[in-house]
Every structure is written in structure tokens, then in C-alpha cells.
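See below for the structure under consideration.
Values below: all heavy atoms of this structure, side chains included; hydrogens, waters and symmetry mates excluded. Note that the structure is a prediction, hence the values are computed from the model and not measured.
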Amino acid sequence: MDRAISQLEIDEITQKYGLSERSAHNVVRGHPWDKVEAMQANVWTPENPEGLISLGVAENTLFQHEIGTYIKNSIAVSPNDHLGYGVGPRGSPRLRKALASFFNSEFRSHDPVRDTDVLILPGVISVLDSLTWSICNENEGIIVPMPFYTGFKPAVQERSRGVLIPAAFQSLEGYQSLDDVFSPKMNQLALESALRKALSDSVKVRAVLISNPHNPLGRCYPAETLREIARFCGSNNLHLISDEIFAKSVYENPRASHIMPFTSVVSLDLSDCIARHLVHVAYGVGKDFCASGLRIGVLLSRNDGLISAVSSISVFEWVPYLTQNAWAEMLKDDHFLAAFNAKNAQVLAEHCAIALTFLEQHNVPYYHNANAGTFLWVDLRHYLHNSDKQETGSNLSTSTSPLSNLELYRYRETELFKRCLERGVVISPGNSFYTEELGWFRLCFAVEKQALYTGLQRLLSQTSRQAATFGYPGSRARV
């Protein structure tokens, strides 16, 4: 969670470096990129078996070679198409037309998508930043159900100065498990509670932001829950933003129950819930096409004013035509698209099964109802306790636990992350996802099998050391 930043800290930075207060605030808050670069200096490969294995980044590396080969064989640099300004920064006409067709066929849009409904930006984070800039005045809020993707924080706050308003579930009457994050009724209650809290804090709410499929839980929202969220937004005149970056990364998981296939908000008739100019979708090439380095994001909106607003700043976020047309070639190739999607789903299912089997063999609990994305939500809460009976039953809730306990368990969660890093494996701590209970970690499985097996073994060896450090007597049964 964020710590409060004092005016004294900001003043010190502005005076030392001659910065604006706005940028000084970001300097004090910090960024992860130095650490990321350091971790990338020694990564695992078959030729470097002692290198770092990342099971923390939600990136699908399984078909990067195939995608690279496809691009190499299908795209040649054209001076007229790729080396000039073209039609400007809003997107290649070829890609915008291809995406309109893709949304109509693959997302099954209820109302036909036109190429003028689509804008191209450098990644989904850029889409969300541009939406925040267009929708929110400074210090106005966007409600996000907990837990949520760590990238939502910079997307909303860093440049546009929006305010993230977490919508909690565990404190609600009737809450039973993480499955309630996908319940229509529980979403209604959580959103209403978050709206009341924002109003009491004098924060004007402008939108609700969700990830569907959910990151970090790896599950698709049921259609009835999407309708309930849309109904809440419509009744309160709020925008609904749906980050659907993992839309085609859905797979079979026989261990899961009560799960649904992916349903896009644009596939639903929401005319009785919300005005369509308040509904926006963010998508991109990064996850479903194993190409996060291409940096192509998509805004889909039927709001002409919003499209115009984002267009006005798109000159700062111009995506090269060469990379845009590379993706357009894939989207227009129906045979490639069908075969690739099927193969991707099959391999994601295989790698998920490898990770789940390992976790079950070693009695590590996890959230069972995942069927989308490239990750699992793994329960390592018991490694934050010591063997003292009183502490073993301690409250790890980020909202109801005493502050002293909360700081202790945040420290232990961070220590577990650091020790895994020292052992050569990265997993993502739940605190970075605004989890409601410390000790959950996101574990990504879309890496080659040898790296996955090795990374899981490193994780097991380090959690055993963590248990010994805090005096915990051993693993518990799977729940």
C-alpha cells in the first residue's frame, strides 16, 4: 500500500533538482526500473542454468519465437508505409480496420465496431493513463475491486493524478471466499461501499475499472456480474473501463469449478444498464500474442468526445507504423489466428497443470478457480507466521489487523520475496496487488517447462527456509 508523502520531502526534491512539485512527488514515490534492469542482467537460459527465473511477470514467453518468425516472414519495411508520418498518431488505418473486425468476430461485439471507435496507443497502461486524463480532473477517483493489477496504480496516479479507490470484499456481510469477487451481489455491495467511502473523503468518483479476465486471480467475470457492475456505473453516471488484455488467454482447468468463458463487456446488450458512451475497453498485443515488447495498446470506445480528447494527446504516444502493421498482418490472417489461439490455450493449460500438480504435491494452497491469464494466486500466508500458537492464528487482513501486526507481516512478506530473489526465483507479493490479506503471491507459469520446474523447486526450497526462520513447524494441508 502507498505511504503518505510529506510536503517536506517534496520540497527537498524540488529545491535539490529544480523540479516541479508534480514530478518531485513521483521521485519520492520511486519507480521499479533500476531493480528490473538489475534482475535482467542475469536471467535463466538453458545455457545459464544458475540465472534468475521470473515467475513474477505476467508475460507469455512460450510462443515468442513463433511470433518473431511470423513477423520476420510477413513484414518488409516500406518507406511509404513505415518511414513517414502517415495519417498521424491515432493509428495505422490497416490496424484499426483489422482490430474493428477482430472485436466484431472474436469479442462478439453486440453493436458493430467501426475503425473510428479504435485508437492505438503504446500499451494498455498508456490507454488507462489516457482514459484517466480524459475522464478525471486531478484528485478525482476511479473505483477498482480488490485485489487488482499492480499497473493500475501508475496508470491512474503517476501522470494524470487520479485517485485509486479500492473496493473491498472481505469486510462485507456474507463474504466467504475469493469466489465472491465474481459475485454480482457482492460486487454491488463492494462498489456501493467504496462510493460511500469516497464521498465521505470528499473524493468525486468518475469511473470503475476492472480487469477481465481478472489479474491476479486468473478468472473471467460472469456476464451477470458484468451487468451488475455496468448497472452500478449507469445509475451513478460513472464510466466503466474494462481491461481485457488476457481475453484470448483462456484455457481448460479441470480442477476449477463454476468458471465461465470470457465475456467482453462489448458483447453484452447493456442498454438497460448504462449508456454506451460510458463503456470503454482496453486491449493490446502484449499478452495474447506473446509480444509485450511491441508496445501496442488499443482503446475501444463509442464516445466521440473521449476519442477526440485522447486523440488530442496521442502525438505524445505515437506507436511506430511498422509494429502496428506487424500486428495487423496477424489479425487479418484467419488461419494463423485460429491455429495460434488453439495452440496457446492448449499450452497454457499444460503449464498451469504442471504448476498446480507441484503445488498440490507439496501442500501449498492456491485459489482454485483460475482459467485465464498466465498466473495463479498462491497462498503462502502460513509462512508469515511463527510457531507461536497465538501468532499462528493472527489476522493478516490489511483493513482490520492492528497496525503493528500489519507492519510486521508486510515486512515478512517482503522478506519472503527478497529471499526467493536471492535463491534465483521471482514471484510477486500480494501487497503490490492491494490484496485484502497479506501472504498471497502471484505465480506466473507461462515460461518454458525446464524453467518452470526449476523455478518451482527454488520456490519450495526458499519457503522451507522461511518457515524455519520464523519458527513455523512445516507445511499445512491444501485448502
Side-chain angles (χ1 to χ4, degrees), residues 1-11 20-26 28-30 128-175 180-181 185-211 228-243 274 278 280 395-407 410 430-438:
M1 302 296 181
D2 294 338
R3 71 172 181 86
I5 296 175
S6 70
Q7 187 63 44
L8 182 63
E9 291 177 287
I10 294 174
D11 291 345
S20 67
E21 286 196 4
R22 179 180 59 244
S23 65
H25 188 277
N26 285 9
V28 174
R29 187 151 56 191
L128 300 178
D129 167 72
S130 297
L131 281 169
T132 305
W133 182 87
S134 302
I135 291 170
C136 296
N137 294 309
E138 192 166 316
N139 296 320
E140 292 183 338
I142 295 179
I143 297 175
V144 190
M146 300 169 74
F148 54 80
Y149 169 50
T150 183
F152 286 171
K153 174 183 167 183
V156 170
Q157 296 180 344
E158 293 299 320
R159 184 168 65 164
S160 300
R161 292 293 180 263
V163 177
L164 278 176
I165 304 168
F169 289 83
Q170 290 192 5
S171 58
L172 299 174
E173 182 178 353
Y175 176 85
D180 288 330
V181 174
K185 181 61 176 179
M186 297 301 279
N187 270 274
Q188 176 195 355
L189 295 175
L191 295 172
E192 289 174 347
S193 177
L195 181 60
R196 287 195 299 270
K197 177 68 166 57
L199 293 176
S200 70
D201 293 337
S202 300
V203 176
K204 183 175 183 178
V205 177
R206 301 303 303 270
V208 171
L209 169 61
I210 63 172
S211 57
E228 189 60 51
I229 295 171
R231 189 175 291 109
F232 169 83
C233 291
S235 63
N236 291 284
N237 196 32
L238 305 178
H239 294 263
L240 171 56
I241 305 168
S242 184
D243 173 359
I274 187 173
L278 295 176
H280 322 290
N395 183 3
L396 296 178
S397 169
T398 56
S399 59
T400 62
S401 179
L403 182 60
S404 59
N405 286 1
L406 200 57
E407 292 305 317
R410 277 193 182 134
N431 193 45
S432 63
F433 297 95
Y434 282 68
T435 181
E436 294 193 66
E437 195 168 18
L438 295 171

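The side-chain heavy atoms of Leu195 and Ile165, taken from C-beta on, include no pair separated by under 4.5 Å. Side-chain contact between Glu192 and Phe232 is present, with heavy atoms from C-beta onward closer than 4.5 Å. Within the 4.5 Å cutoff, the side chain of Arg29 has heavy atoms near those of the Glu158 side chain.
Between Phe148 and Phe152, the two ring planes are parallel [angle under 30°; tilted spans 30° to 60°].
Residues Glu436 and Met146 come closest through the heavy atom pair CG-CE, 3.6 Å. In this structure, Val181 and Phe169 approach most closely via the heavy-atom pair CA-CE2, 3.8 Å. In plain terms, the two heavy atoms of Lys197 and Ser200 that are nearest each other are O-OG, 2.7 Å. Between Pro166 and Tyr434, the closest heavy-atom pair is CG-CD2, 4.1 Å. Taking each heavy atom of Ile142 and Val156 in turn, the nearest pair found is CD1-CG2, 4.1 Å. Considering every non-hydrogen atom in both Ala190 and Ala167, the closest pair reads O-CB, 3.8 Å.
Between Ile229 and the options Ile143, Leu238, Leu240, Ile274, a side chain to side chain contact (heavy atoms under 4.5 Å, CB included) holds for only Leu240. Under the side chain to side chain donor-acceptor pair (under 3.5 Å) test applied with Arg159, the options Asp129, Thr132, Asn26 reduce to a single match, Asp129.
Leu191 CG to Asn236 CG: the interatomic distance, rounded to the nearest 0.5 Å, is 9.0 Å. Distance check: Gln157 CD to Leu164 CG gives 4.5 Å after rounding to the nearest 0.5 Å. To the nearest 0.5 Å, atoms OG (Ser160) and CG (Asn139) are separated by 12.0 Å. Ile135 contributes atom CD1, which lies 4.5 Å from atom NE2 of His280 (distance to the nearest 0.5 angstrom). The CG atom of Leu209 sits 13.0 Å away from atom NE2 of His239, with the distance rounded to the nearest 0.5 Å. Summarising the geometry, atom CG belonging to Leu131 is positioned 12.5 Å from atom CZ belonging to Arg206; distances are rounded to the nearest 0.5 Å.
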Please evaluate residues Glu138 and Arg22 with respect to the criterion side chain to side chain contact (heavy atoms under 4.5 Å, CB included), reporting the C-alpha separation (whole Å), side-chain torsions for both, the decisive distance (0.1 Å), and the verdict. CA-CA 11 Å; Glu138 192 166 316; Arg22 179 180 59 244; over 6 Å; no

Taking it one step at a time, do Val205 and Leu199 satisfy side chain to side chain contact (heavy atoms under 4.5 Å, CB included)? CA-CA 8 Å; Val205 177; Leu199 293 176; 5.7 Å; no

Trace of the side chain to side chain contact (heavy atoms under 4.5 Å, CB included) decision for Glu228 with Lys185: CA-CA 8 Å; Glu228 189 60 51; Lys185 181 61 176 179; over 6 Å; no

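Evaluation of the side chain to side chain contact (heavy atoms under 4.5 Å, CB included) rule for Ala155 yields Ile125, Leu128 as partners, not counting sequence neighbours.
When atom types are taken as modelled, the side chain of Ser432 and the backbone of Thr150 share no donor-acceptor pair closer than 3.5 angstrom.
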